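A quick write-up on the structure given underneath.
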2 protein chains.
Amino acid sequence: MDQTDWRILAELQQDGRLSFNELARRVTLSAPAVAERVRRLERDGVIDGYRATVNPGKAGLPFTAFVQMRCMLGRCLLKTTAADEFPEIVEIHRLSGRACTMLKVRAASMAHFEGLVERLGEHAELDTHVVLSTPFEGRPVSADAIRARPVTPSEGWTTS
Amino acid sequence: MDQTDWRILAELQQDGRLSFNELARRVTLSAPAVAERVRRLERDGVIDGYRATVNPGKAGLPFTAFVQMRCMLGRCLLKTTAADEFPEIVEIHRLSGRACTMLKVRAASMAHFEGLVERLGEHAELDTHVVLSTPFEGRPVSADAIRARPVTPSEGWTTS
DNA sequence: CATGAAAAGCCTCACCT
DNA sequence: AGGTGAGGCTTTTCATG
């Protein structure tokens with residue numbers, strides 16, 4: 001993962017349909033050279049796919065919320081039901097701490113959202129956070145984040 | 001947004017690099033017909049882009065967390081600093097309720113994450129949730145979610 | 001919305017630096 | 001590891017029905 005790889009990732013995260021020719025031009029390399037790098041990134045799983053991004057609001061799902069679940073023993077959502085039963089769930093994360101799961105959900109209306117919360121409530125205690133607006137989502141992964149480590153723990157402390 | 005549009009969206013969310021030819025074959029339409037539909041979806045903003053999906057772990061950012069911020073007056077993150085200062089933040093959502101903001105952040109290490117939390121702590125009280133694993137993320141937006149409204153509020157209640 | 005053809009652009013290979 | 005050039009092919013986009 002050198003700097004050229006990061007430039008390629010930046011371009012492809014911004015436009016996943018760039019041709020090797022155009023991509024090569026942007027990172028000042030030849031087409032075969034970028035093609036080989038892209039294939040390596042794909043093979044290593046750094047790039048794990050190419051997707052069209054859908055605007056949920058325009059597609060009829062204007063409501064977004066985060067739902068934290070504190071699952072009741074033996075009734076955890078992930079154990080008892082397939083996620084297919086809840087197409088409104090667009091993300092599931094297992095958490096440390098008091099809540100066992102964080103969900104991101106999308107709904108077509110408040111009534112829809114209310115019904116969803118009722119169904120989810122059968123599996124766990126819920127802590128619901130309705131999203132008012134989202135300044136951004138899906139910001140590209142960049143080398144900047146890896147470099148940004150301004151505050152270091154105190155000397156002698158153990159870290160990972 | 002008829003059923004054909006949804007089939008197109010499903011295919012393009014799964015593989016954003018499909019050619020019109022291949023896409024046409026999958027939704028049993030001709031190439032010019034799908035091309036016109038895709039362009040309409042793009043023009044209307046239903047499709048708002050095409051992106052390569054990067055695996056954050058493979059790219060050097062294996063730690064994910066959600067951070068809820070209860071911003072101190074006049075020091076709200078979004079008002080006082082550009083988000084550029086925190087490349088670790090991959091999502092920002094404004095929330096209703098006690099917390100004013102939900103962040104999704106990615107870090108290279110625990111030490112990195114610790115530093116990030118310290119920097120963010122200057123802007124707000126934090127409620128941090130470390131992600132252990134994520135069963136899925138970025139599930140395609142589908143017509144199923146819009147159709148799924150099993151529980152309806154009681155008769156006569158006002159809903160939106 | 002389908003068909004078919006023409007033109008453009010793309011990928012990739014072999015070869016070389 | 002990367003550049004060049006040519007070959008062959010797919011894709012796109014018209015025209016027309």
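Protein chains get the first letters and strands the later ones, always in sequence-line order, with residue 1 at the start of each. Small disclaimer: the values here were computed from a predicted structure and weren't measured.
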On DNA chain D, more 5' by nearest nucleotide between A:D2 and B:F20 is A:D2
Does D:dT10 have its OP1 or OP2 closer than 4.0 Å to a side-chain nitrogen or oxygen of B:N21?
no
When you look at CD of B:E11, are more than 12 heavy atoms from neighbouring residues, nucleotides or ligands closer to it than 6.0 Å?
yes
Distance-only, no hydrogens or angles: does the A:D44 side chain make a donor-acceptor pair with backbone N or O of A:V46 under 3.5 Å?
no
OP1 or OP2 of D:dG2 sitting under 4.0 Å from any side-chain N/O of A:R37?
yes
Sorted by position of nearest nucleotide on DNA chain C, 5' first, the leading residue of B:T4 and B:R17 is B:T4
Remember a base hit wins even if backbone is also touched, and classify A:R39 as base, sugar-phosphate or nothing at under 4.0 Å, heavy atoms.
sugar-phosphate
CG of A:D5 versus C1' of D:dG2: gap in Å, rounded?
14 Å
Quick one: on DNA chain C, does B:V34 or A:S19 contact a more 5' nucleotide (nearest heavy atom)?
B:V34
Provide, to the nearest angstrom, the distance between the CG atom belonging to A:L18 and the C1' atom belonging to C:dG9.
14 Å
Of the candidate nucleotides D:dC14, D:dG3, C:dC1, which contains the atom at the shortest distance from the side chain of B:P32?
D:dC14
For B:W6, the option from B:V141, B:V27, B:D144 that meets side chain to side chain contact (heavy atoms under 4.5 Å, CB included)
B:V141
In whole angstrom, what separates B:I8's CD1 from C:dC1's C1'?
13 Å
A:L23 CG - C:dT12 C1' separation (whole Å)
16 Å
Is a donor on one side and an acceptor on the other found under 3.5 Å between the side chain of B:H112 and the backbone of A:A148?
yes
For the side chain of B:L29, counting heavy atoms from C-beta on, which of D:dG5, C:dA2, D:dT13 is nearest?
C:dA2
Value in whole Å for how far the C1' atom of D:dT12 lies from CD of B:E22:
15 Å
